[in-house]
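This report concerns only the one structure given below.
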Number of protein chains: 2
Amino acid sequence: MELREMSRLLYQIKLADQRVATSFERETGFSLTRYEMLMIVNDKGVCSQSEIQQEMKIDNAAITRHLKILEEKGHVQRERNVANNREVFVRLTETAARELQHCEQNHDQTNHLIAKVLSESEMQQLSALLQKLNTI
Amino acid sequence: MELREMSRLLYQIKLADQRVATSFERETGFSLTRYEMLMIVNDKGVCSQSEIQQEMKIDNAAITRHLKILEEKGHVQRERNVANNREVFVRLTETAARELQHCEQNHDQTNHLIAKVLSESEMQQLSALLQKLNTI
DNA sequence: TATCAATGATTGATGAGTCAAATATGAAAG
DNA sequence: CTTTCATATTTGACTCATCAATCATTGATA
């Protein structure tokens, strides 16, 4: 593949990301990144910021800043690990846990933005291709 | 598809975008967005900023700012359209045209970051899926 | 022809990410 | 013990996007 085609393909990824992220935010009220972050905390129960960082693969600075805002909004609680004061433990607040559940329940699977343009199997295809890309 | 899976998929797109864009920049010396912008100007010969905007589908403000920098770096020239002073005409400089050609020629197709993880047909598959996503 | 709406570009404020440097704590070794 | 190194988080400076507001120009119209 020529460089020109390559750049078109990569630029398509960028556009898709932008569109899809803003649609997600409009539909759920959470930014994609923060939703993902909250779900990770939810799955783990309690975890340190670097655990979140490892799962999300974004910069630590970004993690700190998101959590600061999520804390201000009352979505998470943070406290230093008494056994290791370097670490900060993060957990969901109950209101956030409830809110996320509602989000999940209200989510109309067939009517979701993406479901309108991609079938289930296409989504799986896409996921597999992206997974390969994410090994770069 | 459940909301949780959906958010994972969308987050994969975000990560892929980030990785791929930084790799592209490392390899070519141009940011993906600016490379795309320069190639569009190259294809069109001379064009107004709003033409670029329509092709790239990013905010006009971003266009203005990129072009300002590309002009400072000597990659493009800009001048008002005398027939319509609202418009700014953009064209590549000769040095930039040469530089882009070199870029294209030096591009090692088999060894490119993405070629290492995706076959040609997978790239086409990906492109088709993204095209659908970009109709949202 | 004076006004008003539409068009094209720009600017300012904000959000989300990066990297690099700073801080704070803990662990290990002389 | 105290120095030194590693780990975890935070902060600062920067880039690239967005939206909303502004400015300049053009064209239509009353």
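All chains are named by letter (A, B, ...) in the order of the sequence lines, taking the proteins before the strands, and each is independently numbered beginning at 1.
The environment of A:Gln105 atom CD is dense: over 12 non-hydrogen atoms of other residues, nucleotides or ligands sit within 6.0 angstrom.
Remark: side-chain polar atoms of B:Tyr11 are paired, donor with acceptor, to backbone N or O of A:Met56 under 3.5 angstrom.
Counting any heavy atom pair closer than 4.0 Å across all strands shown, B:Asp59 reaches a base atom. Backbone-only contact: B:Ile58 has heavy atoms under 4.0 Å from sugar-phosphate atoms and none from a base. Within the 4.0 angstrom heavy-atom criterion, base atoms lie near A:Asn60.
When each of C:dT10, D:dT9, C:dG17 is scored by its nearest atom to the side-chain atoms of A:Ser48, the top-ranked nucleotide is D:dT9. Proximity note for B:His66 (side chain, C-beta onward) versus D:dT10, D:dA20, D:dC16: the nearest is D:dC16. In this structure, the nucleotide among D:dT9, C:dT10, C:dC19 sitting nearest to the side chain of A:Ala61 is C:dC19.
Here D:dT7 presents its C1' atom at 13 Å from CG of A:Asn81, a figure rounded to the nearest Å. Per the geometry, NZ belonging to B:Lys14 stands 9 Å off C1' belonging to C:dG17, to the nearest Å. Atom OH of B:Tyr11 is separated from atom P of C:dG17 by 7 Å (rounded to the nearest Å). One interatomic measurement links the two molecules: CZ of A:Arg78 to P of D:dT9, which rounds to 9 Å at whole-angstrom precision. In this structure, A:Gln53 atom CD and D:dT7 atom P are separated by 14 Å, rounded to whole Å. Note: CD (A:Glu79) to C1' (D:dA8) measures 16 Å, nearest angstrom. Here the P atom of nucleotide D:dT18 and the CG atom of A:Leu32 are 17 Å apart, to the nearest Å. For B:Phe30 and D:dT15, the CZ to C1' distance is 17 Å, given to the nearest whole Å.
Contact annotation: side chain of A:Arg34 to base of C:dG17, donor-acceptor pair absent below 3.5 Å. Applying the 3.5 Å distance criterion, the base of C:dG17 shares no donor-acceptor pair with the side chain of B:Arg19. On a pure distance criterion of 3.5 Å, a polar donor-acceptor pair joins the side chain of A:Arg65 and the base of C:dT18. Side-chain N/O atoms of B:Arg86 and base N/O atoms of C:dT7 include a donor-acceptor pair closer than 3.5 Å.
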Check your understanding: Can B:Thr33 and B:Ser31 be said to form a side chain to side chain donor-acceptor pair (under 3.5 Å), step by step?
Key -> CA-CA 5 Å; B:Thr33 303; B:Ser31 88; 4.8 Å; no
Practice item. Check step by step if side chain to side chain donor-acceptor pair (under 3.5 Å) holds for A:Glu36 and B:Ser7. Key: CA-CA 7 Å; A:Glu36 199 53 28; B:Ser7 98; 2.6 Å; yes
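Taking the six-membered ring where the residue is Trp, A:Tyr35 and A:Phe30 present tilted rings, their angle falling between 30° and 60°.
The side chain of A:Gln49 contributes an N or O atom lying less than 4.0 Å from OP1 or OP2 of D:dT10. In this structure, A:Gln18 reaches the D:dT18 phosphate: one of its side-chain N or O atoms is under 4.0 Å from OP1 or OP2. Taking side-chain N and O atoms only, B:Thr33 has a distance below 4.0 Å to OP1 or OP2 of D:dA17. Side-chain N/O atoms of B:Ser50 include one lying less than 4.0 angstrom from OP1 or OP2 on C:dA9.
Comparing A:Lys57 and B:Arg80 against DNA chain C, the residue whose closest nucleotide sits nearer the 5' end is B:Arg80. In terms of position on DNA chain C, the residue among B:Lys68 and A:Ala83 whose nearest nucleotide sits closer to the 5' end is B:Lys68.
Side chains of A:Met37 and A:Ile40 form no contact here, defined as non-hydrogen atoms less than 4.5 Å apart.
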